[in-house]
Amino acid sequence: MYALTAKAMRYMDEYTIGKGIPSAVLMENAAGGLVSEIISRFPDKDTEVLIVVGHGNNGADGLCVARWLIQLGYVVNVYFVGDRGKVSQAFTDQLRILTSMSKSFRMYGLGSRDDLKILQQRYDVIVDGIFGIGLNRRFGANFAKFIEYLNTKSGFKIAIDIPSGLNGTTGGIMDAVFKADLTVTFGNYKTGMFFGEGRVVSGEVKLIDIGIIKSGYSTIDDKLFICDKKFLDDTRHLALVPREERSHKGTFGSVGIVVGPNAMMGASMLAAKAAYRCGCGLVKIFCPNKYVGYFNVAIPEAVVVPYKNDDITGAMTEFASSVDVVLVGPGLKEDSTGRILVKQLLAMEIKLVIDAGALNIIARNLKPFRKRRASCVITPHVGEMAKLCDEDIKVVDKNKVGFIKKFSQHYNVSMVVKSDVSLISLLNGNDQRLFLNTLGNSGLATAGSGDVLAGTITSLIAQGNSLNNSLIYGVMIHGNAADKLDTGEDARRKMMASDIVDSLF
Ligand SMILES: NC(=O)C1=CN([C@@H]2O[C@H](COP(=O)(O)OP(=O)(O)OC[C@H]3O[C@@H](n4cnc5c(N)ncnc54)[C@H](O)[C@@H]3O)[C@@H](O)[C@H]2O)[C@@H](O)CC1
Ligand SMILES: Nc1ncnc2c1ncn2[C@@H]1O[C@H](COP(=O)(O)OP(=O)(O)O)[C@@H](O)[C@H]1O
Ligand SMILES: [K+]
């Protein structure tokens, strides 16, 4: 299941229609899905429903929903807020069917001042069919005022396909936006529901299968595969190597964590704990002599390998060669020793997870990264990604899909760009696949949760999983750990990185 841009979704609609499925059938399927949602939440036939329709196919969906509800015996009023001269063919067809089947039906909002009273009534449910994915420009003050008026009304608010005023691709708001409690979306999620204001204004999102023909996806470049709980549960056992019963600690691989001389030690400690919690057999920590005692106390399960400042490179080569995968970056300072450590690791033929401070070092000079011999994955948050791309953070944040796509291809690296909805790019030769993670919650917005993710991914690699699977399942398992703790707003408020470690698996 994908999230698509508005343009790609229109293409998929047209592709499906071109394969012989009439638009009216898609619309009937869409309305059927939406009506089922209303019935399950409002089974009482006395429920009063206001459906607001624009002149396009989103409005046509609204008319189709009205017909179903009227037939089922609900109390329904339909209010038109479009341009009468521009109604779409589907709108005309749906209106004709509706008026033929329900002789007493009357659409309000066509000019009579009395119609305002209909709008001002109290409704149990308000359905928004003003704009869908056809919204392609700002709509100005009148529409904005109307939508804002709807937002002030009481009643459960349902958006058809996407909330009117939300840009289906970017999540930006065009003048005003309908604030939905529920969005019933058709065929695929729209990318705009996950970016910008999208998550907030869409409310709960229900995806309805309307019969879109799947072969059309193959030509769409920017599709984002959705990583949700169902995908994690259904595929985890297929993607990750099983834990053998006939085993010893060597069976499950070793993680090496490189700690710099002026490090924030807590970050490496969290990563080390997460690595153990995710099942690797051994965690080794390469750190300055002066830190040995702290690590021994904080994480007695780890093997601490101290180094002196006079032979860092030799000691590190030996250390990195003694483990299955190395993690560098959490807590790492951008000083001269940090730079030496990163440069050295990039030059080695090892498996490497690069995070945080190490990414900032790489961003200053991308040449060694481009020429690296290490097979690696990188885990920047949006700020680190902006540095890597030498761009303003706001510019990157607005077009994360574009930046991850390009960077991942250009530097031939699988990666995640972390945020409230993380994006993942997996490379397999020339094949690039993009994913959007929906697991996790605002409890993760706490210092150290990125270190826990880095430890999680590194541990999965140590156990023999591919870099790509470790990256994507690491992100999902990390988000799921936070979701397991999420019993409500207070639980999200008090969540700390250490709690997330304890909730892994
Ligand atoms: N094509 C199909 O067969 C299907 C379409 N469906 C529905 O159709 C919707 C898309 O319909 P449309 O493409 O007709 O467009 P919309 O109904 O989303 O947009 C409304 C109309 O407003 C116009 N418009 C755009 N921006 C405007 C602005 N700023 N001010 C004033 N008018 C503006 C557009 O030209 C369009 O005619 C989907 O969101 C979905 O609800 C679904 O029923 C699924 C099947
Ligand atoms: N609001 C949120 N909803 C879901 N996940 C979040 C949210 N905020 C942060 N995260 C996740 O938490 C982690 C934070 O990582 P990062 O920014 O590197 O933190 P730190 O450097 O403090 O460890 C990422 O995996 C990110 O996707
Ligand atoms: K809508």
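Everything quoted here is computed from the prediction, not taken from an experiment. Atoms within each ligand, like the ligands themselves, are counted from 1 in listed order.
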(message) Out of all atoms in ligand 1, which are within 4.0 Å of some heavy atom of G132? Include the element for each.
(response) 16 (P), 18 (O), 39 (O)
(request) Identify, by atom number and element, the atoms of ligand 1 in contact range of M27, meaning under 4.0 Å from any of its heavy atoms. (result) 43 (O)
(message) Considering non-hydrogen atoms of the protein only, which is the closest contact for atom 9 (C) of ligand 1, and what is the distance?
(response) N58 N, 3.6 Å
(request) Using the K ion (ligand 3) as the apex, give the angle to atoms O (F131) and OD1 (N58), rounded to 10 degrees. (result) 70°
(message) Using a distance threshold of 3.4 Å, state whether an N, O or S atom of G129 lies below it from the K ion (ligand 3).
(response) no
(message) Evaluate D161 for polar contact with ligand 1, using N/O atom pairs at a separation under 3.5 Å.
(response) yes
(request) Quick one: sort the Y294 and Y291 rings into parallel, tilted or perpendicular, breaks at 30° and 60°. (result) perpendicular
(message) To check your reading of the model: name the closest protein heavy atom to atom 25 (O) of ligand 2, its residue, and the distance in Å.
(response) H478 CE1, 3.4 Å
(request) Taking only heavy atoms of A445 into account, list the atoms of ligand 2 that are under 4.0 Å away from them. (result) 8 (N), 9 (C)
(message) I need the nearest protein heavy-atom contact for atom 17 (O) of ligand 2: residue, atom name and distance, please.
(response) H381 CD2, 3.4 Å
(message) For atom 22 (O) of ligand 2, what's the nearest protein heavy-atom neighbour? Residue, atom name and distance, please.
(response) G448 N, 2.9 Å
(request) For I17, take its heavy atoms, then give the atoms of ligand 1 lying under 4.0 Å from any of them. (result) 3 (O)
(request) May I ask which of G54, A6, G134 has a heavy atom nearer to atom 15 (O) of ligand 1 than the others do? (result) G134
(message) Please determine whether a side-chain nitrogen of the Lys or Arg among D93 and R96 lies less than 4.0 Å from a carboxylate oxygen of the Asp or Glu.
(response) yes
(request) Among all protein heavy atoms, pick out the one at the shortest distance from atom 45 (C) of ligand 1; state its residue, atom name and that distance to 0.1 Å. (result) L26 CB, 3.8 Å
(request) Could you tell me the residue and atom name of the protein heavy atom closest to atom 26 (N) of ligand 1, and the distance to it rounded to 0.1 Å? (result) N136 OD1, 3.1 Å
(request) May I have all residue pairs that pass salt bridge (charged side-chain N to carboxylate O under 4.0 Å, His left out) and include part of residues 156-177, sequence neighbours excluded? (result) R138-D175, D161-K190
(message) Tell me the protein heavy atom at minimum distance from atom 1 (N) of ligand 2, and give that distance in Å.
(response) S442 CA, 3.5 Å
(request) Check for a donor-acceptor pair, side chain of T183 on one end and backbone N or O of T185 on the other, with a separation under 3.5 Å. (result) no
(message) Suppose we measure from atom 18 (O) of ligand 2 to each protein heavy atom; which comes out shortest, and what is that distance?
(response) K418 NZ, 2.7 Å
(request) Taking only Lys NZ, Arg NE, NH1 and NH2, and the carboxylate oxygens of Asp or Glu, determine whether D222 and K405 approach each other closer than 4.0 Å. (result) yes
(request) Could you check atom 31 (C) of ligand 1 against the protein and tell me its nearest heavy-atom contact, residue, atom and distance included? (result) R137 NH2, 3.7 Å
(request) Look only at the side chain of S414 and the backbone of N468, and say whether a donor-acceptor pair between them is shorter than 3.5 Å. (result) no
(request) Give a yes or no on whether the backbone of I220 and the side-chain of K223 come within a donor-acceptor separation of less than 3.5 Å. (result) yes
(request) For H55 and R84, indicate whether the former's side chain and the latter's backbone hold a donor-acceptor pair under 3.5 Å. (result) no
(request) Please examine the side chains of P261 and D335, heavy atoms only from C-beta on, and report whether any two atoms are closer than 4.5 Å. (result) yes
(message) Once you restrict to heavy atoms under 4.0 Å, what part of S422 touches ligand 2? Side chain, backbone, both or neither.
(response) side chain
(request) Using a 4.0 Å heavy-atom cut-off, say whether A482 meets ligand 2 through its side chain, its backbone, both or neither. (result) neither
(message) If you compare all heavy atoms of I17 against all heavy atoms of S23, which two are closest, and at what distance to 0.1 Å?
(response) CD1-CB, 3.8 Å
(message) For Y411 and F369, I'd like to know if the aromatic rings sit close, meaning centre-to-centre distance below 6.0 Å.
(response) yes
(message) Taking E197 first and then K179, would you say they form a salt bridge - that is, a charged N and a carboxylate O separated by under 4.0 Å?
(response) no
(request) Around atom 23 (O) of ligand 2, find the nearest protein heavy atom and jot down its residue, atom name and distance. (result) G450 N, 2.7 Å
(message) Out of L439, L444, N441, who is nearest to atom 2 (C) of ligand 2 when you count heavy atoms only?
(response) N441
(message) My understanding is that we take every heavy atom of each candidate and find the minimum distance to atom 7 (C) of ligand 1. Doing that for D61, N29, D13, V87, which one comes out nearest?
(response) D61
(request) Compute the ring centroids of F42 and F156, then answer whether they are less than 6.0 Å apart. (result) yes
(request) State whether I160 contributes an N/O/S atom found under 3.4 Å from the K ion (ligand 3). (result) yes
(message) Using a strict threshold of under 4.0 Å (side-chain N to carboxylate O), is an ion pair present between D233 and K229?
(response) yes
(message) Quick check on contacts: which atoms of ligand 1 are under 4.0 angstrom from a heavy atom of R138?
(response) 29 (N)
(request) Looking only at distances, please establish whether an N/O atom of ligand 2 is found under 3.5 Å from an N/O atom of D451. (result) yes
(request) Could you tell me if the ring centre of F91 sits under 6.0 Å from that of F80? (result) yes
(message) Looking at D502 and K484, is there a salt bridge between them, counting it only when a charged N and a carboxylate O are closer than 4.0 Å?
(response) no
(message) Using ring centroids (six-membered ring only for Trp), state whether F139 and F131 fall under 6.0 Å.
(response) yes
(message) Tell me the protein heavy atom at minimum distance from atom 11 (O) of ligand 1, and give that distance in Å.
(response) N57 CB, 3.2 Å
(message) Could you identify the single nearest non-hydrogen protein atom to atom 10 (C) of ligand 1 and state the distance to 0.1 Å?
(response) I133 CG1, 3.9 Å
(request) Determine, for R10 against E14, whether the closest basic-nitrogen to carboxylate-oxygen distance falls under 4.0 angstrom. (result) no
(message) Closer than 4.0 Å to some heavy atom of S23 - which atoms of ligand 1 meet that?
(response) 2 (C), 3 (O)
(request) Take atom 35 (O) of ligand 1 and look for protein heavy atoms under 4.0 Å from it; say yes if you find one, no if not. (result) no
(request) Indicate yes or no: at least one non-hydrogen side-chain atom of Y15 is less than 4.5 angstrom from one of I213. (result) yes
(request) Report the member of A447, S419, G383, S449 with the shortest heavy-atom distance to atom 14 (C) of ligand 2. (result) S449
(request) Before signing off on this row, confirm whether L453 and ligand 2 have an N or O atom pair separated by under 3.5 Å. (result) no
(message) Judged on heavy-atom distance to atom 33 (C) of ligand 1, which of F131, F91, F186, F143 sits nearest?
(response) F131
(message) Looking only at protein heavy atoms, which one is nearest to atom 22 (O) of ligand 1, and what is the separation?
(response) H55 NE2, 3.4 Å
(request) Compute the ring centroids of F231 and F225, then answer whether they are less than 6.0 Å apart. (result) yes
(request) Have a look at ligand 2 and work out which part of D420, if any, has a heavy atom under 4.0 Å from it: side chain, backbone, both or neither. (result) both
(message) Just to confirm my numbers, could you give the angle made at the K ion (ligand 3) by OG of S164 and O of D128, rounded to 10°?
(response) 100°
(message) Give me the residue, atom name and distance of the protein heavy atom closest to atom 44 (C) of ligand 1.
(response) I210 CD1, 3.7 Å
